[in-house]
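Because the structure is a prediction, the values reported are computed rather than measured. A note on names: the letters A, B, ... follow the listed sequences, proteins ahead of strands, and every chain is numbered from 1.
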Amino acid sequence: MTFGEAFFGMSWLDAIIRIVIVVLLMTVVVVYLTYGERKVIARFQMRLGPTRTGPAGLLQGVADALKLLCKEDVRPRNADRWVFEFAPYLTFIPVFLVLAALPFARDWGVRNLALGMFFVFAVLGLNIVGVLMAGLGSGNKYALLGGVRAAAQMISYEIPLVVALLAVAMLAGTLDLNAIAAMQESRPFVLVQPLAFVIFLTAVLSELHRAPFDIPVAESEIVGGYFVEYSGIRWSMFQLAEYAALWAFSIFGAVVFLGGWQFPFGDDWGWWWQLILTLVKSLLLILLIFWVRATLPRLRMDQLMSFCWKALIEVSFALLLVNGLFLYFGWSEIILAVVNWAGAAAFLGAIYLRAIRKPAVENLVGAYKHAGVSPP
Amino acid sequence: MAIWPEERTAAAGDLDTVDMTVNVGPQHPATHGVFRMVLTVDGERVVGCEPYIGYLHRGLEKLTENADYRQAMGWWDRTDYLAGMCCEGAYVMAVERLAGIEAPERAEYIRALMMELSRINSHFMFLGAFGADVGSFGTSFTYAWRERERIYDLFEEVAGDRMFPTYFRIGGVTMDLPANFERRCREVLASIRQGLEDLDGLLTGNEVFVERCRGLTPVTPEWAIARGVTGPMLRATGLAWDIRKAEPYGVYPKLDFDIPTGRQGDVFDRFHVRLAECYQSARMVEQCLEAMPGGRVLAPKLPKTLRINEGELYFPTEGTKGEYGVYLMARGGTQPYRAKLRSPSFCNLSALRELVVGTYVADAIVILGSLDIVLGEVDK
Amino acid sequence: MITEVLWWIVAAGVVGASAGVVLSRSVVHAAIFLILSLAGVGAIYLFLTVEFIALVQFLIYGGAVTVLILLALMLTRMGASGRPEPLTGAQAPFGALVAAALMATLIGVAVATAWPGDLGGSPTAISIERIGAALFQNYGAPFIIMAALLLVAFVGAIVIARQEDGD
Amino acid sequence: MVPLENYLVLSAILFALGVYGVLSRRNAVLVLMSVELMLNAVSLNFVAFAAHLDPDRATGIVFAVFVIAVAAAEVGLALAIVIRLFRNRSSANVDEAATLRW
């Protein structure tokens, strides 16, 4: 039973009510995600974050939103007018559409699509167009560089993202997000497909322009990238899109990999428990993303691309192949899980091994060899 | 759309694309002050770099020539404003040498201590800002800032001012250390050590950071010497050249410290050498605390008005960025006839174009960060 | 009723955007119009209740058109006067004539023909399982050939676009 | 309900616009875009036929998938050729590529 039908008996009204609810929810969530990010990162950086507006700074997001609404909407003189003005909408709308397909609890969502997973990445992939338009239309070279970087990056990282998710969808045998969640009653897919989860997280960081893949918006290089010329409400639409996409991807990840509303006790304890499960899991993923942002520096463009094309894509296709073999021969899931864990360990281990070539400060102490100075 | 390029190059056989000019600075988050460079980029590649300086020019040398020897000190403070003590130390020692004044030993120890703390302060600024240049979202910055605040607090307790203390005097220092100085200084040192560990852990072992910095623009000692590059940048190439050892001044001959050197002079080595230098400076501060003699802090019988009859002197010191050399020429009177600063940031910056061309835009920012310039010193 | 109104709106949008593609004076604008047009066609697929093709349309063309825009940006030159080269050639009237004739013919044929099996009513929803079965069972061999074609095409593209040493 | 003819007419208009673009545009990238329009019109036709006339076998859907795949391959190849052309002629103008050798 859906609440629209219960009250009005009209399906389109029901849909509109649901959409309104999701939009309002999204706005509130975005406001508090920005607040949460500032608080979390502030803690990582030994600061307090916002404290002044409201108790513990809780109203900071609202204050920011009000300020942005009141700001002047500036358009540079040599901006391409229509391209510039429509770009924020084109980044924002796909993200908002994606929220329509996500299940928050059993059959709770705007629409339960049979092609839910496919819908999510097909539609989210569209917001690159808005980003590119913002980059091209601003008439600013930083924005241009940012837009071009974003385009190259998002197109590249879509491939491992989609392939890794397809590997999971193969196991599940469906693209329906509700069905995928329902399937994880005994174990979340992350236990069976950790490698896919790692690839998914990496690609999502990149799709969302989060550190260490925040190259299109790199503050210290191109001063904010594609939205450098935007102000006021249009700028806040980019921000809204960014955080809404963050939230959408985390719910998506929670549903596909962490068991969504189902694991654990999702069936037994009712819808409120399912809702809590989904939200807590998505918040965990968001926290992970914030954590990464607080610690990691930024990759360079060529390193980013070669990481995608030389590592991620190969690994994700290998994963797809392995999953296919297991499904074809009907081998047991335990073995599949073991193979996958081994793969994930090898993948992360390789990255770690590259990192531990850390030279010690003690080795740097000079030999006075060139200068010919004798130590006193 | 008017984003189209002013310049174009057509390399033979290459795709005949159009170059774009990107203006970085003077208001840019990563130029460390009012520095401007105009990058000509071919896509993401930098094919040209034109640095512009002078936004912060205050005429230090001319001002010095028109002021009393003691009055001028305040301006020298403001050259390398991240390490004010080092600058005033260099100037004060140069004048002392020119005038033949000897500072008491306690004053010399205090100076060395303060200068090394200043060096740590400046290097912390570098470590924090460099992390931000490479792209970490301010975490390295706040880590570094915590220690910088502690050092500044200590400076305030000693001299009454944080950034521009003008604490040194010709012939000693203004006043003696406060009563609980040794305890406070050891507290700060412990905190500094902790902060260095933190930054080391945050940056040095970070795969992304290493990937960004290692092997980026390695240079040889010969190359560096030919361009007058000094300081940590020179030492990163493997040449252990440190004025504190090579032409010692103050109490440095009595202090035991090592010169950290890099291996290939790349960006990572520059970062690492500075990190290691902080440990050495902390060692020196500790030794100064141990060996601090009692006694006066200002030489007795200093003349009320300092007059220097005839003389000329180039006095190099190891500033935080490199060879910070003070040239003074006296022809009688209370003012120097000619003053000149050999500013290390300026000389190091002159290597920028050669380093940057051929790298990526993102690298250009990192390379600029690794030069560790301070604009007050570049523009004087 | 609402469906029809929506259909007409979307169809008008598609036609307008497509006209924008062939008429606009800037390559970038043309590319953006192309996106609108392709997205509109995707929406039309939704009216035909084949969500799968609509999503494929979004996914594939989203990336493809982005690349097109980038290429367009890279390859558009300014003339000596600082204005872009004219994008439409002198043969445009001739082209318009041919296109108009073709359109008239096609529309005439489409309207005049009595399509066998057409119930004149709403489209039948085709489930994703049905499409999958058709793709991998009935048309399995063409699918594999298509995969090979894609591979060959991309290898060919790389070979053509690659910088040769003596070049 | 929207009858089949509507889709066919829409597709015809799109195709004609694509033809006009191919014939009249000089810039190779724009020609490519017009070809995309034509391919789109074709796959719209396929899907409309499939949904209206042949829902059981879904042949039109399969063909639409093939058309999209071919379009992707075509974009890749054509852009490679355009880059080649541009590298040799410094122009993406198709009128200049009149000779069959370079």
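Between the side chain of B:Arg212 and the backbone N or O of A:Arg298 there is at least one donor-acceptor pair closer than 3.5 Å. With hydrogens and angles disregarded, no donor-acceptor distance shorter than 3.5 Å links the side chain of A:Tyr142 to the backbone of B:Val22.
Proximity to chain A (any heavy atom under 4.5 Å) is restricted, for B:Arg146, to the side chain, taken from C-beta onward. Contacts between B:Phe209 and chain A at a heavy-atom distance below 4.5 Å involve backbone atoms as well as side-chain atoms. Residue B:Val366: no heavy atom, backbone or side chain, is found under 4.5 Å from chain A.
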N/O donor to acceptor pairs below 3.5 angstrom from side-chain atoms of residues 286-296 of chain A, sequence neighbours left out:
from: A:Arg293; atom 1: NH1; to: A:Glu37; atom 2: OE2; distance (Å): 2.5
from: A:Thr295; atom 1: OG1; to: A:Trp291; atom 2: O; distance (Å): 2.8
from: A:Thr295; atom 1: OG1; to: A:Val292; atom 2: O; distance (Å): 3.4

Result block: side-chain N/O donor-acceptor pairs under 3.5 angstrom for residues 308-316 of chain A, not counting sequence neighbours:
from: A:Trp309; atom 1: NE1; to: A:Ser156; atom 2: OG; distance (Å): 3.2
from: A:Ser316; atom 1: OG; to: A:Leu312; atom 2: O; distance (Å): 3.1
from: A:Ser316; atom 1: OG; to: A:Ile313; atom 2: O; distance (Å): 2.8

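Of the listed residues B:Gly135, B:Ala362, B:Ser140, the one with more heavy-atom pairs under 4.5 angstrom with chain A than any other is B:Gly135.
Taking all atoms of both residues into account, the shortest heavy-atom contact from A:Pro297 to B:Val134 is CB-CG1, 3.6 Å.
At least one side-chain heavy atom of B:Val361 sits under 4.5 Å from a side-chain heavy atom of A:Arg149.
The NZ atom of A:Lys141 sits 11.0 Å away from atom CG of B:Leu39, with the distance rounded to the nearest 0.5 Å.
For a heavy-atom cut-off of 4.5 Å, chain B lies close to A:Phe44, A:Gln45, A:Met46, A:Arg47 in residues 44-52 of chain A.
Residues forming a ring pair (Phe, Tyr, Trp, His ring centres under 6.0 Å) with A:Phe249 (at least two apart in sequence, or on another chain): none.
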